[in-house]
Novice: 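Take a look at the following structure, please.
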There are 2 protein chains.
Amino acid sequence: MATIIDVAKLAGVSTATVSRVINDTGKVRPVTRKKVMKVVNELNFSPNVSAQILQSKQSKTIGMVFPDASSLYFSEIIRGICNYVNQFGFQIIIGSAHDEEEEVKTVSRFLNGHTVGGLVIMAPSSQNDDLFTLPINHGTPVVFISVPPVKAGTTSVVLDNFKMSVEMTNHLIKLGHRNIGFINGSSHNYDSKRRYAGYLKALQENGIEVNSDFIADGNFTEDSGYKTCLKLCELTSRPTAIFAANDAMAIGAIEAVKDSGLRVPEDIAIVGFDDISTSQYITPALTTVRVPLFNLGQVVGKTLLQKIDTNYENHIAVTERIVIPLEIIIRESCGSQLKR
Amino acid sequence: MATIIDVAKLAGVSTATVSRVINDTGKVRPVTRKKVMKVVNELNFSPNVSAQILQSKQSKTIGMVFPDASSLYFSEIIRGICNYVNQFGFQIIIGSAHDEEEEVKTVSRFLNGHTVGGLVIMAPSSQNDDLFTLPINHGTPVVFISVPPVKAGTTSVVLDNFKMSVEMTNHLIKLGHRNIGFINGSSHNYDSKRRYAGYLKALQENGIEVNSDFIADGNFTEDSGYKTCLKLCELTSRPTAIFAANDAMAIGAIEAVKDSGLRVPEDIAIVGFDDISTSQYITPALTTVRVPLFNLGQVVGKTLLQKIDTNYENHIAVTERIVIPLEIIIRESCGSQLKR
DNA sequence: ATAAATAATGTAAACGCTTACATTAATATA
DNA sequence: TATATTAATGTAAGCGTTTACATTATTTAT
């Protein structure tokens, strides 16, 4: 494998000049540039990335750490990030983690190893402050996905959960529902919390009292949706509509309603959140909120690259929060089309 | 950030000893080891990965390059790979590519940059020999996913497409079908080819003549399944069963049959391949072949790590081919439960 | 034509680590 | 106890870059 020295020798210039040519830094005469590029192509030279990082202390790889639990969403998000950052020669390195402790470890390994020039951390259920303090203390630019707006000097990209949840609940209310259940996702999950908060807000705005019997605790899995909904169906005075904090649980809920001998949406309307691909195919097709994950990824990539850039110059720590707009998708499971 | 020199100084030993301690190479007295480890922990030292790679020429990063088109499968596969290789301190770096040309570029960037110690290449539709020759010439261990068994000295992990496709077709035949259609995936895709070959084989074994009208060309998308199936439905003598080369197309096909005013499976049975999560929720639930992607990923990880290990010692280039067994999932869309 | 200013290129140190080889310490053997 | 053997540690070169600074070439001004 050819090194920069080989190129320099063959081109009859110094390594400094070769470096300047391939990185486009500093002045070099067109004649020299051409001469060097010729050899670069001949030898099929490309620089040793490790040597570059070691010397320049600037890595063009981005670490992405996320919990196993978000693997469903991860694929699209990462495609979005890649799509954006690849344009600028950046790579993505993956660190998945089973639990929070492991997530912290992964972050610190990325940081200490000087492998990454920036970090994307997905920690919707984060309880551990280290996840925030570690990279910030280290001075490495980070973008968080789906975290509460608590930490100063932190930049994050979040979904417009609250607003859409209000809208979705309002939609149910307009359809005539007053007894609306809610199935929560995992207990510490920020997305879930905001969606729940929006639901509560909508009820309150419409003067509907919250019935705690109608609030169930799931964990984002379809199974938990099924089981909690089954209980809701068995209530003597059961809800006429159920809002699940994500589609997987909504799908489980639909099965539960069916298995209880009831109909969706006639007896119980069901709505979800996420718009996963199954949602349009299940019967009845699920009314939900579309979350543009690919787009989210692009925004995250763009934001991070901006942080990295400005970070090279000056270290202004602004707290930034970018909200991704979402869209309600009305299908059959909410009963919009129904004449009541 | 602490370097190995800081640690050495503080512990009163040489950098060589520190290196031996943290890498567990060479002999070092327990006393010394303890002394060094104490400082390592105090300073929260962890080695600069770039410097390690630069010096040792052995990267613990695995490059995974795959076409955009396989992003559906990618998430689970990568989880599987991570799951295995993380145990051994290996990381994954992602290189997605729009087309084949870009895929080759990505591979060559990984190779030339010396960023990766091994490569996983997913190239089910590969036409370009560079994808194979590049890493082999470079001497970097590679594992291919879903590629034809053509290249010598190559190791690959593939699905047992042919066998399962024969079985699935046989299942249809046993159900009484003789007019069975097939919807192909994208034209150069190896998985699709093998599935088609299995279908052909089963027909032949049962003395059923192939009706070219029943063979449609899709491209793995649901939309293509819908459109091609619509045409199949319009045939004056139409097939009584259709085998789609993947679930997405099968789902499109089910919609098409419905939209043609026909019933699945009574008028036309439909089966697919992959067992994506939607398949169990669509009505009727799709009979299909389950592909254990996570498991596939684990196998790929294990195989690659083995190659990397032996590569360090001796460069025996054996052609290896690992076949992942699959499982038929009988649901409703094939009409097994039907009394005919 | 010469001096001054500017542009282009070269030189060499440094980045943080590993490891072959040299040296010193500890243990075994006679 | 002296010597041979083995174990533990140290020394320093080198991995392939980038870049501050030094040097040389080119252009501009006089």
Side-chain angles (χ1 to χ4, degrees), chain A residues 1-37 39-40 43-61 89 109-117 138 312, chain B residues 1-37 39-40 43-61 89 109-117 138 312:
Chain A
M1 200 76 276
T3 75
I4 201 173
I5 302 180
D6 302 329
V7 176
K9 272 188 193 144
L10 243 160
V13 299
S14 72
T15 61
T17 301
V18 177
S19 177
R20 283 189 273 258
V21 168
I22 60 179
N23 296 306
D24 207 20
T25 63
K27 297 269 170 204
V28 20
R29 290 227 310 285
V31 204
T32 332
R33 158 164 290 116
K34 196 172 283 171
K35 207 166 51 180
V36 170
M37 283 312 293
V39 178
V40 165
L43 297 188
N44 203 262
F45 166 79
S46 69
N48 181 314
V49 175
S50 300
Q52 285 185 314
I53 299 178
L54 178 59
Q55 157 63 34
S56 68
K57 296 170 171 285
Q58 284 173 195
S59 166
K60 281 208 163 193
T61 80
R109 202 182 42 213
F110 277 152
L111 255 23
N112 288 329
H114 292 91
T115 0
V116 301
H138 194 272
Y312 287 160
Chain B
M1 201 76 274
T3 75
I4 201 174
I5 303 182
D6 303 327
V7 176
K9 273 187 192 147
L10 242 160
V13 299
S14 74
T15 62
T17 301
V18 177
S19 176
R20 283 189 273 258
V21 169
I22 59 178
N23 295 307
D24 208 21
T25 64
K27 298 269 172 202
V28 21
R29 290 227 309 285
V31 206
T32 332
R33 162 165 285 117
K34 196 173 285 172
K35 206 166 54 179
V36 170
M37 282 314 289
V39 179
V40 165
L43 297 188
N44 202 262
F45 167 79
S46 69
N48 182 314
V49 175
S50 300
Q52 284 185 314
I53 299 177
L54 179 59
Q55 157 62 37
S56 68
K57 294 171 173 287
Q58 284 174 195
S59 168
K60 283 208 159 193
T61 305
R109 205 182 40 215
F110 277 150
L111 255 23
N112 288 329
H114 292 92
T115 0
V116 301
H138 193 272
Y312 287 161

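Every value quoted in this text rests on a predicted model; they were computed, and no experiment measured them. A note on names: the letters A, B, ... follow the listed sequences, proteins ahead of strands, and every chain is numbered from 1. These values consider heavy atoms only, across backbone and side chains, with no hydrogens, waters or symmetry-generated copies.
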Novice: Side-chain N or O of A/Lys57 less than 4.0 angstrom from OP1 or OP2 on C/dG16?
Specialist: yes
Novice: Quick one: label B/Gly12 by what it contacts on the DNA or RNA (base, sugar-phosphate, nothing), any heavy atom closer than 4.0 Å.
Specialist: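 Answer is sugar-phosphate: B/Gly12 comes under 4.0 Å of backbone atoms only.
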Novice: As a test of understanding, state which of B/Thr32, B/Thr25, B/Val36 forms a side-chain contact (heavy atoms from CB on, under 4.5 Å) with B/Arg20.
Specialist: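 When side-chain contact (heavy atoms from CB on, under 4.5 Å) is applied between B/Arg20 and each of B/Thr32, B/Thr25, B/Val36, only B/Thr25 qualifies.
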Novice: Starting from P on D/dT17, measure out to CG on B/Asn112 and report it in whole angstrom.
Specialist: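 About 10 Å, once rounded to whole Å.
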Novice: Taking atom C1' of C/dT18 as reference, at what distance in whole Å does atom NZ of B/Lys60 sit?
Specialist: 15 Å
Novice: What distance separates A/Arg29 CZ from A/Thr17 OG1, expressed to the nearest 0.5 Å?
Specialist: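 One gets 10.5 Å once the value is rounded to the nearest 0.5 Å.
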Novice: Map B/Pro30 and B/Ala51 onto DNA chain D by nearest heavy atom, then report which one ends up closer to the 5' terminus.
Specialist: B/Pro30
Novice: With respect to the side chain of A/Ala16, which nucleotide from C/dC17, D/dT19, C/dT9 is positioned closest?
Specialist: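 Shortest atom-to-atom distance from the side chain points to D/dT19.
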Novice: Could you state the atom-to-atom distance from CG of B/Leu54 to C1' of C/dT18 in whole Å?
Specialist: 10 Å
Novice: Whole-Å distance between C/dG16 P and B/Gln58 CD?
Specialist: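 In whole Å, C/dG16 P and B/Gln58 CD are 22 Å from each other.
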Novice: Hey, what do you get for NE2 (B/His114) to OG (A/Ser46), rounding to the nearest 0.5 Å?
Specialist: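 Between B/His114 NE2 and A/Ser46 OG, I get 8.0 Å after rounding to 0.5 Å.
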Novice: Please check the phosphate of D/dT9 (OP1 and OP2 only) for any side-chain N or O of B/Arg29 closer than 4.0 Å.
Specialist: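 Yes, within the criterion.
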Novice: Measure from the side chain of A/Thr32, starting at C-beta and using heavy atoms only, and say which of C/dT9, C/dC15, C/dT19 lies closest.
Specialist: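 Nearest to the side chain of A/Thr32 among the choices is C/dT9.
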Novice: Could you tell me how far apart A/Lys9 (NZ) and D/dT17 (P) are, to the nearest whole angstrom?
Specialist: 13 Å
Novice: Does the side chain of B/Thr15 get closer than 4.0 angstrom to OP1 or OP2 of C/dC17 through an N or O atom?
Specialist: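 So the side-chain polar atoms of B/Thr15 never come under 4.0 Å of the phosphate oxygens OP1 or OP2 of C/dC17.
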Novice: Using whole Å, what does the distance between atom C1' of nucleotide D/dT18 and atom CG of A/Asp24 come to?
Specialist: 15 Å
Novice: Taking OP1 and OP2 of D/dT17, is either one under 4.0 Å from a side-chain nitrogen or oxygen of A/Ser19?
Specialist: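 For A/Ser19, the contact criterion (side-chain N or O under 4.0 Å from OP1 or OP2 of D/dT17) is not met.
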Novice: Should A/Ser14 be listed as having a side-chain N or O under 4.0 Å from OP1 or OP2 of C/dT9?
Specialist: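 Answer no for this pair, as no side-chain N or O of A/Ser14 is under 4.0 Å from OP1 or OP2.
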Novice: Is the phosphate of C/dC15, meaning OP1 or OP2, less than 4.0 Å from a side-chain N or O of B/Thr3?
Specialist: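 For C/dC15, OP1/OP2 do not have a side-chain N/O of B/Thr3 under 4.0 Å.
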Novice: Tell me which one of A/Val18, A/Val39, A/Val28, A/Val21 satisfies side-chain contact (heavy atoms from CB on, under 4.5 Å) with A/Val13.
Specialist: A/Val18
Novice: What integer distance in Å separates B/Lys27:NZ from C/dA25:P?
Specialist: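 That distance rounds to 21 Å.
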Novice: So how far is it from B/Ile22 CD1 to B/Ile4 CD1, rounded to the nearest 0.5 Å?
Specialist: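 The distance works out to 4.5 Å.
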Novice: Counting side-chain heavy atoms from CB outward, which of D/dA20, C/dT18, D/dT17 is closest to A/Arg20?
Specialist: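 Comparing D/dA20, C/dT18, D/dT17 against the side chain of A/Arg20, the answer is D/dA20.
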Novice: Are the side chain of B/Thr115 and the backbone of B/Phe110 linked by a donor-acceptor contact shorter than 3.5 Å?
Specialist: yes
Novice: Could you tell me the separation between the CD atom of A/Gln55 and the P atom of C/dA13, rounded to a whole number of Å?
Specialist: 14 Å
Novice: With a 4.0 Å cutoff (strictly under), does any side-chain N or O of B/Gln52 reach OP1 or OP2 of C/dT18?
Specialist: yes
Novice: Taking only side-chain N and O atoms of A/Asn23, does any of them lie within less than 4.0 angstrom of OP1 or OP2 on D/dT18?
Specialist: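 Checking D/dT18 against A/Asn23, a side-chain N or O does come within under 4.0 Å of OP1 or OP2.
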